[in-house]
Amino acid sequence: MATGSAPPGDSGGGGVDTAPRRGRLFPGEQRLPTPSDLGLAGAPATSTPHPRGSGSTDVVAAEVLVRRGLYQDAGAVLPRQPPDNAPVARRTRWAVTAAAIHYWGAGDVEAACRVLGDVGGPVAEGHRAGFLLLDGCPRAALAAGEKVLCDRRVPDEAIPPAVTTVVVAASLVGRFDRAMAAIDRARPARLGFAELDYVHCFALLVAGRVQQARRMAEDGHRDAVAAGNVAAAAGWLTLRGQVAKARGDLATAIVDLKTASRLLEGYGMRLVLAQCLADLAAARAVFGDRDGARQTLRLTADWAPASRLFTPWFTLSQAWSTAAGGDTTLAARQAGAAADRAMASGQYAVEAVARYDVARLGNPNAAQHRLAALAGVVQGPVVPAMADAAAALARSAPGALDAATARFTELGMDLLATETATASDALRRAAAPPGAAACPNATTPLLRLTAPLVELTGRERDVALLAAGGLTSPTIGHRLRLSARTVDNYLSRAYQKLGVTSRRDLAPLVIGGQPPPPIHARGEHR
């Protein structure tokens with residue numbers, strides 16, 4: 001995801017004073033591809049120093065430093081005020097650079113918007129809209145960006161920041177018609193800008209047009225590699241990984257997002273990098289790699305920008321990491337917190353995803369009514385499909401789950417389709433031996449739902465699955481923040497409902513033909 005308020009020439013920025021060093025991510029893991037491995041040439045990150053006191057040259061030097069993420073140094077170089085009697089274009093350029101320093105360097109959105117407001121004009125307003133978006137105000141950002149674009153005489157320089165902001169903001173609030181209208185507004189412009197294709201692909205993905213987004217990401221990555229553009233290739237790899245994650249192709253998603261994070265690390269693009277890492281953490285969690293998900297989440301926290309827009313995504317990744325550890329009850333609460341934060345900021349498309357994750361994590365009753373309301377707010381077929389699936393899970397209705405499976409399949413969301421198909425099968429065969437889940441490489445709660453597990457409460461299910469995987473009661477208690485005695489009580493109730501008397505009998509019953517998820521931490525086997 002990119003916005004026009006990022007530092008000039010960048011798809012995202014960072015709130016640090018020094019440029020990050022390459023090689024910091026994933027120490028000790030198998031070597032990741034480098035730009036040279038991919039046939040990419042790195043863009044120069046340095047420039048010839050400009051003499052102080054030359055006004056416009058100081059602004060140029062500050063711009064270069066901002067692109068590198070060196071905000072403190074940029075603030076020292078940039079004049080305190082725009083050059084006296086300078087033309088509007090030069091004053092605007094100074095204001096955009098100063099605003100980037102205020103926001104990315106100090107997290108001060110008010111100062112960033114104030115300096116842009118003082119200069120005024122459509123270019124400054126386009127960038128101001130972007131900072132409103134980053135501050136978690138997509139509806140205000142959408143209105144401000146559209147106000148700039150409604151003037152057919154707007155200068156070309158105002159179009160990139162306004163359009164990228166409008167497309168992202170409109171997508172997040174669920175108004176894809178307004179996102180596509182902004183894209184159409186930019187197409188006839190006399191200039192081209194890479195961010196337009198990025199945000200177009202992002203809008204397609206959020207709208208549920210997965211196959212179209214996939215083709216666009218593939219084409220964009222191929223063209224970036226052919227042109228030797230590292231930053232562009234990293235951006236497209238991030239989008240390609242997000243598409244693969246939406247499709248349920250977790251192996252591809254992990255490779256693409258991991259490679260993208262390595263490429264992004266050296267370019268000061270903290271917002272894009274943090275988003276990439278959050279998606280990577282979630283993909284690893286759904287893949288069953290609990291330790292990898294937790295490690296990536298720690299990295300995400302280190303790189304996360306001072307952007308309220310990002311908070312719901314990060315919280316949702318935490319939820320899936322928690323679920324990978326076996327605590328689906330806490331995970332559902334975390335997903336609900338992500339949904340609440342998205343709702344408070346007006347990110348209704350993000351809220352819908354988080355609400356449905358609450359249902360996927362085992363609490364459809366808490367999600368179904370709000371999802372039904374969101375189906376009338378967020379445009380497109382995705383949220384209605386999620387609302388119907390959540391209602392079907394809440395009612396334990398196999399037929400309705402079959403209909404949801406068909407809709408998710410048509411949308412290209414194969415993981416969600418496999419989940420609802422697995423849940424439908426488990427409900428139909430509640431008295432029959434369970435079968436293996438159909439989706440390879442994924443270990444979500446719904447995919448692990450065998451017929452006997454249907455009879456258990458959410459907490460009993462957590463305990464039974466962890467016990468079947470070989471964990472002792474004290475270890476399960478540590479995972480779920482329960483005492484060992486409480487774990488034994490849940491396990492006893494599960495035994496009674498399932499008609500078994502020992503853990504040895506429990507494993508084949510609740511896991512069925514599925515292999516238990518790997519247990520990476522030492523000392524957790526029975």
Side-chain angles (χ1 to χ4, degrees), residues 285-286 288-291 293-294 318-336 357-366 393-394 396 419 422-423 425-427 429-437 442-526:
V286 176
D289 183 4
R290 170 178 172 257
D291 289 348
R294 293 175 68 180
Q318 288 179 312
W320 282 106
S321 179
T322 299
D327 193 345
T328 60
T329 301
L330 176 58
R333 287 202 300 268
Q334 290 173 329
D357 282 354
V358 172
R360 295 171 67 198
L361 289 165
N363 195 356
N365 287 315
L393 288 169
S396 297
E419 286 181 339
T422 302
D425 182 64
L427 289 167
R429 299 196 299 163
T443 60
T444 68
L446 285 178
L447 289 179
R448 301 186 69 195
L449 185 64
T450 58
L453 288 176
V454 172
E455 306 299 324
L456 305 183
T457 68
R459 186 54 92 191
E460 290 167 354
R461 193 177 303 158
D462 290 344
V463 170
L465 284 169
L466 290 172
L471 274 65
T472 64
S473 292
T475 301
I476 294 172
H478 180 72
R479 283 271 190 102
L480 304 184
R481 299 172 178 82
L482 302 172
S483 69
R485 182 174 181 178
T486 301
V487 169
D488 287 337
N489 288 336
Y490 279 120
L491 200 55
S492 177
R493 289 199 289 270
Y495 286 167
Q496 292 176 357
K497 291 181 180 180
L498 297 175
V500 299
T501 58
S502 70
R503 296 182 187 224
R504 181 177 301 175
D505 298 329
L506 181 68
L509 189 62
V510 301
I511 297 179
Q514 308 173 57
I519 302 172
H520 299 287
R522 288 178 296 180
E524 295 191 352
H525 294 278
R526 183 177 174 83

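Side-chain atoms are counted along with the backbone in the values below, which use heavy atoms only and exclude waters and symmetry mates. Because the structure is predicted, anything quoted here is derived from the model rather than measured.
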Exercise. Verify side-chain contact (heavy atoms from CB on, under 4.5 Å) between Asp289 and Asp291, making sure each step is shown before the conclusion.
Key: CA-CA 6 Å; Asp289 183 4; Asp291 289 348; 4.3 Å; yes

Quiz item: Between Ser473 and Arg503, does a side-chain hydrogen bond (donor to acceptor under 3.5 Å, both in side chains) hold up when you go through it step by step?
Solution: CA-CA 11 Å; Ser473 292; Arg503 296 182 187 224; 2.5 Å; yes

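The minimum heavy-atom distance linking Gly458 with Thr329 is given by the pair C-OG1, 4.3 Å. Considering all non-hydrogen atoms of both residues, Ala319 and Ala335 come closest at CB-N, 3.7 Å. Leu491 approaches Ala464 most closely through the heavy-atom pair CD1-CA, 4.3 Å. Closest approach of Ala285 to Ala324, counting heavy atoms only: O-CB, 3.7 Å. The nearest pair of heavy atoms linking Val286 to Trp320 is CG2-CE3, 3.9 Å. Closest non-hydrogen pair, Ala359 versus Leu393, comes out as O-CD1, 4.2 Å.
With hydrogens and angles ignored, the 3.5 Å screen pairs a side-chain donor or acceptor of Arg461 with a backbone N or O of Leu456.
Legend: residues meeting salt bridge (Lys or Arg N to Asp or Glu O under 4.0 Å) with Arg459, ordered by chain and number and at least two apart, are Asp327, Asp462.
A heavy-atom distance below 4.5 Å is found between the side chains of Leu480 and Leu466. Annotation: side chain of Ile476 is not in contact with side chain of Tyr490 (no heavy-atom distance under 4.5 Å). Looking at Val463 and Thr486, their side chains never come closer than 4.5 Å, going by heavy atoms from C-beta outward. The shortest side-chain heavy-atom distance between Leu427 and Asp425 does not fall under the 4.5 Å cut-off.
Taken from CG in Leu465 to CG in Leu506, the straight-line distance is 8.0 Å, to the nearest 0.5 Å. A distance of 8.5 Å separates CZ of Arg294 from OG1 of Thr322, quoted to the nearest 0.5 Å. A distance of 6.0 Å separates CZ in Arg360 from OG1 in Thr444, rounded to the nearest 0.5 Å. Interatomic distance, CG of Leu330 versus CD of Gln318, reported as 9.5 Å (0.5 Å rounding). Note: Arg333 CZ to Asn363 CG = 10.0 Å, rounded to the nearest 0.5 Å. Atoms OG1 and NZ, from Thr457 and Lys497 in turn, are 5.0 Å apart once rounded to the nearest 0.5 Å.
Contact check on Asp488 versus Arg485 returns no salt bridge, with no Lys/Arg side-chain nitrogen under 4.0 Å from an Asp/Glu carboxylate oxygen.
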